[in-house]
Amino acid sequence: MTGLTVLGSTGSIGVSTLDVVARHPDRYRVVALTANRDVQGLLQQCQRFRPQYAVMADLASARELRRQLRDGGIDTQVLEGMEGLQTVASLEQVDQVMAAIVGAAGLLPALAAAQAGKRILLANKEALVVAGGLFMEEVARHGAHILPIDSEHNAVFQCLPADFPRGLDTVGVRRILLTASGGPFRSATPGQLASVTPEQACAHPNWQMGRKISVDSATMMNKGLEVIEACWLFHTTPDRIDVVLHPQSVIHSMVEYEDGSVLAQLGNPDMRTPIAHALAWPERIDSGVSSLDLFQVARLDFEAPDAQRFPCLRLAYEAIGRGDSAPAMLNAANEMAVAAFLEGRLGFIDIPRIIGETLSGMAVEPVSSLEQVLEVDRQARLRAEQNIEQRV
Ligand code: NAD
Ligand code: MG
C-alpha cells in the first residue's frame with residue numbers, strides 16, 4: 001500500500017486526486033488531508049477516507065474541525081497551521097505527497113516533502129516559480145522525486161526519455177512546445193478585455209479549476225508560470241520553450257527532437273489523467289477519464305500567442321531571463337493583483353500593469369537561502385499592494 005498525503009485536498013486538484021484514489025482502495029491509503037478554511041469540505045473527506053491526520057492551515061477552522069470530528073466519532077487527529085502542513089508532508093508512513101495548495105503558501109509544505117525524500121506529485125507550480133533553484137537542490141540532496149501534475153509538464157515528462165535529467169541536449173531534444181488553450185479571452189478585443197469580470201475570467205472553456213489559476217489562464221500568466229516551471233523541471237532555458245495556442249486542449253504538450261520528430265501526449269482535458277499517471281508511475285491505472293473521441297474532436301488548431309493582448313506571458317519570460325529573485329517577485333505581484341481582481345478592487349487589464357510596476361520598482365538580487373526568498377516574496381507583496389492602492 002502506498003501512503004498518501006494530499007496537501008490542498010479540498011481544491012480542484014485535491015478533489016480529482018481523491019476521485020482517482022477512491023478507484024484503487026487496494027493501492028492507496030490516505031494518511032493525511034489538508035485545507036485552508038473549508039471545514040465542511042475537509043470534514044466530509046475525513047468521513048469518507050478516514051485519514052490518520054487532517055490539517056487546517058487556519059487555526060479557528062482547525063478548532064471547529066476538531067469539534068465536529070469528535071462529535072461525529074471520527075478519530076482523525078487534527079493538526080494546524082504551517083507546522084501541521086509540514087508535519088504531514090514528511091511523515092514516515094507517507095510515500096507520496098500530492099502538492100496541490102495554491103500559490104506560494106504551498107512552498108514550505110512541498111519543501112518539507114522534498115527534505116523527507118518523498119515522491120512529490122507537484123501541482124503547485126508557484127513553489128518552483130518562487131524557489132526553483134533551492135527546491136530542485138533539496139530534491140536532489142534528499143533523493144526525493146518530482147512527478148509533474150500540471151497537464152503540460154506531465155505531457156512533456158511522458159514524451160521525454162527516462163534519462164532526460166542527463167540534459168535535454170544529451171538526449172537529443174531540440175525544444176519543448178507547451179500548449180495553451182488561450183483561456184476564455186483568446187479572441188477578445190482589447191476593448192472587451194477592459195471590462196472583464198471575475199465571473200467571466202473564471203469560466204474557462206475546457207478546464208474546471210480553482211479561481212486563482214482560472215484568472216492566470218485568462219491573463220496567460222498561467223502559461224508564463226509554466227514556462228518557468230518547465231525550465232526547472234526539465235533542466236533547460238526559456239529559449240528552448242515555445243508556447244503554442246491550441247484551443248481544443250487535446251494535445252497537452254510536445255517535445256521536438258533533433259531529427260525533426262515531434263512527440264505529443266493527447267487526451268481529454270481532465271486532470272485525473274496526469275494525476276493517475278503520477279500516482280502510479282511507472283505503471284498505468286484507470287483514472288475514470290473516458291476515451292478520447294478523435295471523431296468528435298475532428299480537428300486540432302494551432303496559433304501563435306498574441307504578446308500584445310497578453311503581456312503576462314512576456315513578463316514571465318523576462319523574469320526567468322533575469323533570473324535570481326525576479327520570478328519570486330513576479331509571482332508575488334501576480335498573486336496580489338489576481339486577489340485584488342477577484343475582490344473587485346482591480347481591473348483585469350491592470351493585472352499585468354501591477355506586475356510590471358512591481359518588478360521595475362525592485363532590485364533583482366541573487367537568492368541563496370529560503371529566508372531570502374521569503375523576504376523577497378514579502379517585499380514584493382507590499383510593493384504590489386501599494387501599486388494596487390494607487391490605482392483604486
Ligand atoms: P483550488 O483553489 O481549487 O484549491 C487550493 C487548495 O489549497 C484548497 O484545498 C485550499 O484549502 C488550499 N489552500 C489555499 N490557500 C491555502 C493556504 N494559505 N494554506 C494552506 N492551504 C491553502 O486550487 P487548484 O485549482 O486545485 O490548484 C492547486 C494548484 O494546482 C495551483 O498551484 C494550481 O496552479 C495547480 N494546478 C491546478 C490545475 C487545475 O486544473 N485546477 C491544473 C494545473 C495546475
Ligand atoms: Mg497547466
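Along the sequence shown, the residues carry numbers beginning at 1. Both counts, for ligands and for their atoms, begin at 1 and track the order of listing.
- At the shortest separation from atom 36 (N) of ligand 1 among protein heavy atoms lies Ile213 CD1, 3.6 Å.
- Of the N or O atoms in Gly210, one or more lie within a sub-3.5 Å distance of an N or O in ligand 1.
- By the 4.0 Å N-to-carboxylate-O rule, Glu385 lies too far from Arg381 to be salt-bridged with it.
- Protein heavy atom at the shortest distance from atom 26 (O) of ligand 1 is Ile13 N, 2.9 Å.
- Using a 4.0 Å cut-off between heavy atoms, Thr10 contacts ligand 1 through both its backbone and its side chain.
- No donor-acceptor pair under 3.5 Å is formed between the side chain of His145 and the backbone N or O of Arg119.
- Atoms CZ and CE, from Phe302 and Met254 in turn, are 5.0 Å apart once rounded to the nearest 0.5 Å.
- Salt bridge Glu357/Arg383: absent, no basic N to carboxylate O contact under 4.0 Å.
- Annotation: atom 11 (O) of ligand 1 to nearest protein heavy atom, Asn36 N, 2.9 Å.
- Glu64 and Gln68 share a side-chain donor-acceptor pair at under 3.5 Å.
- To the nearest 0.5 Å, the span separating OG1 on Thr76 from OH on Tyr53 amounts to 11.0 Å.
- With waters left out, the protein N, O or S atoms under 2.8 Å from the Mg ion (ligand 2) add up to 3.
- Using modelled atom types, one finds a donor on one side chain and an acceptor on the other under 3.5 Å when comparing Ser9 with Gln45.
- Under a 4.0 angstrom heavy-atom cut-off, Met271 registers as being in contact with ligand 1.
- Below 30°, between 30° and 60°, or above 60°: for His153 and Phe234 the angle between ring planes is below 30°, a parallel geometry.
- Shortest contact from atom 19 (N) of ligand 1 to any protein heavy atom: Ala57 CB, 3.6 Å.
- Two residues are said to be in side-chain contact when any heavy atoms from C-beta on lie closer than 4.5 Å; Arg29 and Leu4 fail this criterion.
- Scanning the protein heavy atoms around atom 3 (O) of ligand 1, the nearest turns out to be Ser12 N, 2.9 Å.
- Residue contacts with ligand 1 for Ala123 involve both N, CA, C or O and side-chain atoms from C-beta outward (heavy atoms, distance under 4.0 Å).
- A side-chain donor-acceptor contact under 3.5 Å links Thr179 to the backbone of His252.
- Here the shortest heavy-atom distance to atom 34 (O) of ligand 1, taken over Glu226, Lys125, Lys212, Gln45, belongs to Lys125.
- Counting heavy-atom neighbours within 6.0 Å of Gln308 CD, excluding the residue itself, gives a total of 12 or less.
- Between Glu283 and Arg27 there is a salt bridge, since a side-chain N of the basic residue sits under 4.0 Å from a carboxylate O of the acidic one.
- For the side-chain contact (heavy atoms from CB on, under 4.5 Å) with Ile228, the qualifying choice from Leu128, Ile241, Leu330 is Leu330, the only one to do so.
- Residue contacts with ligand 1: Gly14 is excluded, as none of its non-hydrogen atoms falls under 4.0 Å.
- We find that Arg63 and Glu80 are not joined by a salt bridge, their nearest charged nitrogen and carboxylate oxygen being 4.0 Å or further apart.
- Looking only at protein heavy atoms, the nearest one to atom 5 (C) of ligand 1 is Val102 CG1, 3.7 Å.
- Close contacts between ligand 1 and Ala35 involve ligand atoms 11 (O) [criterion: under 4.0 Å to a heavy atom].
- For ligand 1, the atoms lying closer than 4.0 Å to a non-hydrogen atom of Gly8 are 6 (C), 7 (O), 9 (O).
- Using 4.0 Å as the threshold, Asp38 has no heavy atom nearer than that to any atom of ligand 1.
- Nearest non-hydrogen protein atom to atom 29 (C) of ligand 1 is Ile101 O, 3.8 Å.
- Looking from atom 18 (N) of ligand 1 to the surrounding protein, the closest heavy atom is Ala105 CB, 3.4 Å.
- Counting heavy atoms closer than 4.0 Å to ligand 1, residue Glu126 contributes side-chain atoms (C-beta onward) but none from N, CA, C or O.
- For the 3.5 Å distance criterion, the side chains of Asn387 and Thr358 qualify, holding a donor opposite an acceptor.
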